[in-house]
Amino acid sequence: MDCPSCGENAVHEVLRGKMGKKQDTLEATVKCQECGHTYTTVVREPESLKIPIIVSDRSESHREEIELMEDEILSVGDEIFLGESQLLVTAIESKGKRVENCEPANIDTIWAKKFDHVIVKISINKHTQTIPAELEALPDEEFYVGDLMTIGTEKVAIHSIKTASGMVRRGSAEARDIVRIYAKAVRTTYS
């Protein structure tokens with residue numbers, strides 16, 4: 001909670017209190033753990049709202065409902081969970097318009113895509129031709145420049161990674177951020 005004395009958003013100890021009739025409010029005497037100020041306040045449990053959501057899973061989409069707390073702010077690019085499925089918010093509609101972020105009370109519809117796995121596109125340079133490929137990965141999986149991988153029957157080495165923010169020529173990138181991996185076919189020699 002925000003303390004009226006020090007202004008900090010701090011942990012408060014409940015010294016005494018009683019629940020409201022609907023069990024959604026608490027009238028309490030609390031003590032701020034930052035400055036020690038003791039005061040009386042009413043804490044209200046935020047309400048849960050059901051919002052329509054359209055979930056895309058590659059080429060298929062279906063409509064569902066998701067519960068969000070009224071005090072949250074939802075933004076395009078947020079990762080949310082619907083049951084066991086991890087979703088990425090791709091669009092939010094409020095009052096007939098697309099918005100970048102919004103409080104749940106003002107959201108008409110959320111568009112999201114399944115984000116349990118992401119498809120990472122790969123371009124493999126093999127002599128004079130470029131071979132396109134795809135790889136399914138977890139969103140948090142990291143790919144490093146210099147890594148050796150097997151894609152189909154090809155052994156390849158990553159030489160650069162394109163992300164939404166630019167090219168990575170050293171280091172790594174998470175699958176969620178990768179636009180395309182550039183790799184070269186490598187020969188394996190046996191002795």
Side-chain angles (χ1 to χ4, degrees), residues 1-3 7-12 22-26 42-124 132-145 147 149 151 158-183:
M1 293 175 21
D2 291 330
C3 176
E8 292 291 319
N9 187 317
V11 174
H12 284 66
K22 295 182 181 178
Q23 302 292 315
D24 62 348
T25 59
L26 172 67
V42 176
V43 181
R44 189 174 68 84
E45 184 70 31
E47 216 177 297
S48 171
L49 303 173
K50 289 189 177 189
I51 312 289
I53 184 168
I54 298 171
V55 180
S56 297
D57 187 7
R58 298 197 183 153
S59 62
E60 295 179 18
S61 294
H62 60 280
R63 182 180 286 272
E64 291 193 44
E65 278 190 333
I66 188 168
E67 282 193 34
L68 298 175
M69 301 310 280
E70 69 179 343
D71 61 345
E72 293 181 60
I73 298 282
L74 188 69
S75 301
V76 172
D78 282 355
E79 293 177 29
I80 56 177
F81 284 89
L82 180 62
E84 296 292 314
S85 298
Q86 185 176 356
L87 306 174
L88 178 69
V89 176
T90 55
I92 300 170
E93 185 176 307
S94 175
K95 299 176 185 162
K97 294 182 180 177
R98 296 280 173 112
V99 295
E100 286 298 308
N101 50 47
C102 193
E103 294 175 347
N106 298 322
I107 296 175
D108 299 329
T109 307
I110 300 168
W111 279 268
K113 66 179 179 180
K114 265 195 152 180
F115 204 56
D116 298 347
H117 290 86
V118 294
I119 300 298
V120 178
K121 296 182 179 191
I122 304 170
S123 291
I124 302 168
E134 290 182 344
L135 178 69
E136 194 172 288
L138 296 172
D140 297 334
E141 191 172 336
E142 285 193 77
F143 292 87
Y144 293 83
V145 173
D147 270 359
M149 304 186 321
I151 307 294
I158 298 173
H159 64 82
S160 59
I161 302 170
K162 182 177 183 181
T163 65
S165 57
M167 292 296 284
V168 176
R169 298 194 195 291
R170 283 192 209 150
S172 66
E174 289 185 346
R176 74 179 72 234
D177 301 326
I178 295 174
V179 175
R180 184 171 296 275
I181 289 177
Y182 295 96

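Quick note: residue numbers are just sequence positions, from 1.
The line from CD1 of I151 to CD1 of I124 is 5.5 Å long, rounded to the nearest 0.5 Å. To the nearest 0.5 angstrom, I181 atom CD1 is 7.0 Å from L135 atom CG. Note that the CD1 atom of I92 and the CG atom of D108 stand 11.0 Å from one another [nearest 0.5 Å]. To the nearest 0.5 Å, atom CG of residue N9 and atom CE of residue M1 are 9.5 Å apart. With rounding to the nearest 0.5 Å, the separation of CD in E134 from CZ in R180 is 8.5 Å. Note that CZ of F115 and CD of Q86 are 6.5 Å apart. Values are rounded to the nearest 0.5 Å.
Put simply, the side chain of P104 does not reach to within 4.5 Å of the side chain of M69, judged on heavy atoms. Counting heavy atoms from C-beta on, the side chains of H117 and L138 come closer than 4.5 Å. Looking at L49 and L68, their side chains never come closer than 4.5 Å, going by heavy atoms from C-beta outward. At least one side-chain heavy atom of I80 sits under 4.5 Å from a side-chain heavy atom of I53. Counting heavy atoms from C-beta outward, V120 and E141 have side chains that stay 4.5 Å or more apart. Between L87 and K114 there is a side-chain heavy-atom pair separated by less than 4.5 Å. No side-chain heavy atom of M167 sits under 4.5 Å from any side-chain heavy atom of I161. Between K121 and P132, the closest side-chain pair of non-hydrogen atoms is not below 4.5 Å.
When all heavy atoms are compared, the tightest approach of I178 to F143 is CD1-CD1, 3.7 Å. Shortest non-hydrogen contact noted between A173 and T163 is CB-CG2, 3.8 Å. Between I54 and S61, the closest heavy-atom pair is CG2-CB, 4.2 Å. Listed here is the closest heavy atom pair of A91 and V76: CA-CG2, 4.1 Å. Residues D2 and H12 come closest through the heavy atom pair C-CE1, 4.4 Å.
Put simply, the side chain of S94 gets close to the backbone of N106: a donor and an acceptor are under 3.5 Å apart. The closest donor-acceptor contact from the side chain of T90 to the backbone of W111 lies under 3.5 Å.
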Between V89 and S75, is a side chain to side chain contact (heavy atoms under 4.5 Å, CB included) present by the stated rule, with each step listed?
CA-CA 7 Å; V89 176; S75 301; over 6 Å; no

Could you walk me through whether I119 and E136 pass side chain to side chain contact (heavy atoms under 4.5 Å, CB included), step by step?
CA-CA 5 Å; I119 300 298; E136 194 172 288; 4.1 Å; yes

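Counting heavy atoms of neighbouring residues, nucleotides and ligands inside a 6.0 Å radius, atom CD of E67 exceeds 12 of them. Within 6.0 Å of CZ on R170 lie no more than 12 heavy atoms contributed by other residues, nucleotides or ligands.
Remark: E103 pairs with no residue by the side chain to side chain donor-acceptor pair (under 3.5 Å) rule, at least two apart or across chains.
H62 and E64 share a side-chain donor-acceptor pair at under 3.5 Å.
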